[in-house]
> 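Would you mind keeping the following structure in view while I ask a few things?
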Amino acid sequence: QHDSAATRITDEILISMQEYIDNELVKVNQVGDRIEIEMKEQMLFPSGRARLTRNALAPLRALSRTLKRIPSHLQIEGHTDNVPIKSKRFRSNLDLSMARAMEVADFLRAKSNVDPARMVPMGFAEHRPIVDNETPQGRQKNRPKGKDPFHPRRNPGPPRKTDRQHRGNAASSFGIH
């Protein structure tokens, strides 16, 4: 059974993100009282970079209007594939995933006035893949992203069953709890 407050917040997020859900750029899941928002990588960051694209700004602003009205904590996660990064700025995929999570948290704080005390940016790199990293298709889905900055507690192992699931593929994610 869903917590009624979580269900109400999920509904608000679904409404604010409907255009992006319809275009399969965002996925929203409610698992008990936790809400997971996953944003596709191509919408958030260019490959190997931690600077938000112009395409990321409108959806993050739309989402932030809902997020700043709710008192919940936000877990902002970055994930990558398992192909080592070759960059002067980032020593590893972990550095990149953490920088991307921070970039999203900074955007939410600076542009949308989301209280930074509510946000926990986290980088998981390839260590908690969204899907298996053994195939080119799996690596593409895990390619560096930000939080989500919104990707919550993913871990290798069997996929979790979700109660309310909406279309899209993961990249960056937010966990709201």
> Does Leu74 belong to the same Ile/Leu/Val/Met/Phe/Trp/Tyr cluster as Met17, with side-chain heavy atoms less than 4.5 Å apart forming each link?
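Leu74 and Met17: one cluster.
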
> Given side chains that start at C-beta, do those of Val83 and Asn93 come closer than 4.5 Å, heavy atoms only?
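SC-SC contact between Val83 and Asn93 ruled out.
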
> Which atoms form the tightest heavy-atom contact between Pro59 and Ala56, and what is the distance?
CD-O, 3.3 Å

> Thr7 and side-chain contact (heavy atoms from CB on, under 4.5 Å): which single residue from Asp11, Thr10, Ile9 fits?
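Between Thr7 and the candidates, side-chain contact (heavy atoms from CB on, under 4.5 Å) is satisfied uniquely by Asp11.
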
> Taking only residues two or more places apart in sequence, or in another chain, which ones meet Glu12 in a salt bridge (charged side-chain N to carboxylate O under 4.0 Å, His left out)?
Arg8, Arg69

> Using the rule that two of Ile, Leu, Val, Met, Phe, Trp, Tyr join whenever any of their side-chain heavy atoms come within less than 4.5 Å, decide whether Tyr20 and Leu52 are in one cluster.
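Yes, Tyr20 connects to Leu52 through the hydrophobic network.
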
> Just wondering, do Leu96 and Phe45 contact through their side chains at under 4.5 Å, heavy atoms?
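Sidechains of Leu96 and Phe45: no contact.
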
> Do the side chains of Lys27 and Ile21 get nearer than 4.5 Å, heavy atoms only?
no

> Quick check: closest heavy atoms across Ile85 and Phe90, and the distance to 0.1 Å?
CG2-O, 4.0 Å

> Please determine whether side-chain contact (heavy atoms from CB on, under 4.5 Å) holds for the pair Leu94 and Met98, giving the CA-CA distance in whole Å, both sets of side-chain angles, and the decisive distance to 0.1 Å.
CA-CA 6 Å; Leu94 184 58; Met98 290 179 4; 3.9 Å; yes

> What's the verdict on side-chain contact (heavy atoms from CB on, under 4.5 Å) for Leu25 and Met39, showing C-alpha distance, side-chain angles and the deciding distance?
CA-CA 6 Å; Leu25 296 171; Met39 303 179 101; over 6 Å; no

> Would you tell me whether Glu19 and Asn23 have side-chain atoms, one donor and one acceptor, within less than 3.5 Å of each other?
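There is no such pair (donor and acceptor under 3.5 Å, judged by atom type) between the side chains of Glu19 and Asn23.
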
> If we ignore hydrogens and angles and just use 3.5 Å, is the side chain of Arg100 paired with the main-chain N or O of Arg49 as donor and acceptor?
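Yes: the side chain of Arg100 pairs with the backbone of Arg49.
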
> Quick check for you: to the nearest 0.5 Å, what is the distance between Asn55 atom CG and Leu60 atom CG?
11.0 Å

> Using side-chain heavy atoms (C-beta onward) and a distance below 4.5 Å, is Leu44 in contact with Lys40?
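Not touching, per the 4.5 Å side-chain cut-off.
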
> Write down the atom of Ala6, the atom of Gly32, and the distance for their closest heavy-atom approach.
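That closest heavy-atom pairing would be CB-O, 4.2 Å.
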
> Which heavy atom of Ser97 sits nearest a heavy atom of Phe124, and at what distance?
OG-N, 3.4 Å

> When the side chains of residues 112-120 are checked against the rest of the protein, which donor-acceptor pairs come out under 3.5 Å, sequence neighbours left out?
residue	atom	partner	partner atom	Å
Ser112	OG	Ser64	OG	2.7
Asp115	OD1	Ala117	N	3.0
Arg118	NE	Ser72	O	2.7
Arg118	NH1	Leu67	O	3.2
Arg118	NH1	Ile70	O	3.3
Arg118	NH2	Leu67	O	2.9
Arg118	NH2	Ile70	O	2.8
Arg118	NH2	Ser72	O	2.9

> Below 4.5 Å, heavy atoms only, C-beta onward: do Asn29 and Glu38 meet side chain to side chain?
yes

> Linking I/L/V/M/F/W/Y whenever any side-chain heavy atoms sit under 4.5 Å apart, do Val28 and Met43 land together?
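Result: yes, single cluster for both.
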
> Let me confirm one number: the CZ-NZ distance from Arg109 to Lys111, rounded to the nearest 0.5 Å.
9.5 Å

